[in-house]
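Read through the structure below, which is laid out as structure tokens, and then see the notes.
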Amino acid sequence: MREFLREIAMANYIVLGAGRLGGTLARRLAELGHDVHVIVPKPDDAKYQELASLEHITLASSGSPNRTSDAMFVATPWEATESALSDLDLAVGQIVVDCTNPVSYGATGMTLAIDANTSAAELMQGWLPAAKVVKTLNQVGSDILGDPAALSPPPMMGLASDDDDAKSAVSALLNDLGFDAFDAGGLQNAHLLEAFALLWMSQAFSTGDPGGFAFGKAARR
Ligand SMILES: NC(=O)c1ccc[n+]([C@@H]2O[C@H](COP(=O)([O-])OP(=O)(O)OC[C@H]3O[C@@H](n4cnc5c(N)ncnc54)[C@H](OP(=O)(O)O)[C@@H]3O)[C@@H](O)[C@H]2O)c1
């Protein structure tokens, strides 16, 4: 068990989407003692009942009233994301953590679903101008998010945002979750983190054990 260097302040988080990524993230946040409000289209669906039974986790539907939160994590399929966000009435200054990768899957495999000159995070900031968008948690698979401490050195996880306070708060949480957080710069660099995710996928899936591979930081001896 990793020993934390600082005491973790309990927070309230919203997680939008509870599939492989959102469900795993909600569990990890709740394990750290945070209160987690999960939003999915049909919270009564049998597939969400185990998650709903966990301590610190509540589930609600997409159109349900919003709560104030320390951060909202977006973990929806890219094609559902703009519509899912349009259902929400977010507070001014809300930290919104974009965990998506803007890809689609077709006959030729996985392709980028947006113009390569922008990023999902910058588009999201445009949809939510009053929010503080932070790009992160998109760069490894949910198996690794479930247990980053299984890998050594800790998996790197970059974050990009135009708001330094939001970036600092999310960076601390990433370290609590077991990642080696690094500052990738402003939101104009979010496309680098989205490309980094594609590089991780190409490498990790070729090993046959995607849960066993992540990029880690080398340092001078
Ligand atoms: N899976 C990974 O390891 C991983 C890693 C990094 C990044 N990502 C990114 O994370 C995002 C989610 O991926 P995933 O693999 O977790 O997808 P997933 O397993 O298909 O789960 C998607 C979740 O989003 C929910 N959802 C769909 N429309 C919604 C809406 N309008 N409002 C609220 N929730 C909605 C789904 O609900 P229903 O199923 O009930 O419709 C489901 O709970 C994607 O953008 C992906 O690129 C995934």
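Indexing begins at 1, ligand by ligand and atom by atom, following the structure's order.
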From Pro210, Pro77, Ala120 - option closest to atom 27 (C) of ligand 1 by heavy atom
Pro77

Identify every side-chain donor-acceptor pair in residues 154-164 under 3.5 Å, counting partners at least two apart or on other chains, and give the distances.
from   : atom 1 : to     : atom 2 : distance (Å)
Ser161 : OG     : Val133 : O      : 2.9
Ser161 : OG     : Asp163 : N      : 3.0
Asp162 : OD1    : Leu187 : N      : 2.9
Asp163 : OD1    : Asp165 : N      : 3.1
Asp163 : OD1    : Ala166 : N      : 2.8

Heavy-atom nearest neighbour in the protein, as seen from atom 48 (C) of ligand 1, with distance rounded to 0.1 Å
Leu21 CB, 3.9 Å

For Val140, atoms of ligand 1 separated by under 4.0 Å from a heavy atom
5 (C), 6 (C)

Aromatic ring pairing Tyr13/Phe73, orientation class (parallel under 30°, perpendicular over 60°, tilted between)
perpendicular

Under a 4.0 Å heavy-atom limit, does Ser83 contact ligand 1 with its side chain, its backbone, both, or neither?
neither

Going from NE2 on His56 to CZ on Arg27, what distance comes out if it is rounded to the nearest 0.5 angstrom?
14.5 Å

Protein heavy atom at shortest distance from atom 40 (O) of ligand 1
Tyr48 OH, 2.6 Å

Shortest non-hydrogen separation from Ala121 to Ala190 and the atoms involved
CB-CB, 3.6 Å

Any nitrogen or oxygen of Ser142, side chain or backbone, less than 3.5 Å from one on ligand 1?
yes

Transitively linked via ILVMFWY side-chain contacts under 4.5 Å: Val74 with Ile114?
yes

re atom 30 (C) of ligand 1, the protein heavy-atom contact at minimum distance is Ala84 CB, 3.6 Å

Closest non-hydrogen atoms of Gly211 and Ile144, given as atom of the first, atom of the second and distance, are O-CG1, 3.4 Å

Would you mind running through ligand 1 and noting each atom that sits below 4.0 Å from a heavy atom of Ala80?
28 (N)

Which atoms of ligand 1 are found less than 4.0 Å from any heavy atom of Ala18?
23 (C), 42 (C), 43 (O)

Specify the protein heavy atom at minimum distance from atom 39 (O) of ligand 1: its residue, its atom name, and the distance to 0.1 Å.
Lys47 NZ, 2.7 Å

Taking all heavy atoms of Ile39 and all of Ser62, pick out the closest pair and write down the distance.
CG2-CA, 3.4 Å

Tell me: protein heavy atom nearest atom 1 (N) of ligand 1, and distance?
Arg20 CB, 3.6 Å

Using a strict 4.0 Å cut-off to heavy atoms of Trp78, name the atoms of ligand 1 that fall inside it.
45 (O)

Please list the nearest protein heavy atom to atom 29 (C) of ligand 1 with its residue and the distance rounded to 0.1 Å.
Pro41 CG, 3.6 Å

Given side-chain contact (heavy atoms from CB on, under 4.5 Å), test Ile95 with Asp70 step by step and report yes or no.
CA-CA 7 Å; Ile95 296 175; Asp70 293 287; over 6 Å; no

Main-chain N/O of Lys167 paired with Lys132 side-chain donor or acceptor, under 3.5 Å
no

Is the closest heavy-atom distance from Asp45 to ligand 1 below 4.0 Å?
no

With heavy atoms of Ser62 as the reference, note each atom of ligand 1 found under 4.0 Å away.
32 (N), 33 (C)

Which of the ligand 1 atoms, numbered from 1, are nearer than 4.0 Å to a heavy atom of Gly19
16 (O), 18 (P), 19 (O), 21 (O), 23 (C), 42 (C), 43 (O)

Check against side-chain contact (heavy atoms from CB on, under 4.5 Å), Gln125 and Asp98
CA-CA 9 Å; Gln125 184 70 79; Asp98 172 23; over 6 Å; no

Closest protein heavy atom (residue, atom, distance) for atom 44 (C) of ligand 1:
Thr76 O, 3.3 Å

Only heavy atoms of Ile39, strictly under 4.0 Å: list the atoms of ligand 1 that pass.
33 (C), 34 (N)

Please identify which of these residues, Leu145, Leu193, Asn101, meets the side-chain contact (heavy atoms from CB on, under 4.5 Å) condition with Gln139.
Leu193

In ligand 1, which numbered atoms sit nearer than 4.0 Å to a non-hydrogen atom of Gly17?
23 (C), 24 (O), 25 (C), 34 (N), 43 (O)

Is there a side-chain contact between Phe215 and Val140 in this structure, where contact means two heavy atoms from C-beta onward sitting under 4.5 Å apart?
no

Would Asn101 count as being in polar contact with ligand 1, using the rule that some N or O on each side must be under 3.5 angstrom apart?
yes

Among protein heavy atoms, which sits nearest to atom 9 (C) of ligand 1, and what does the distance come to when rounded to 0.1 Å?
Cys99 O, 3.4 Å

Tell me the closest heavy-atom pair linking Trp127 and Trp78, and the distance in Å.
CH2-CH2, 3.4 Å

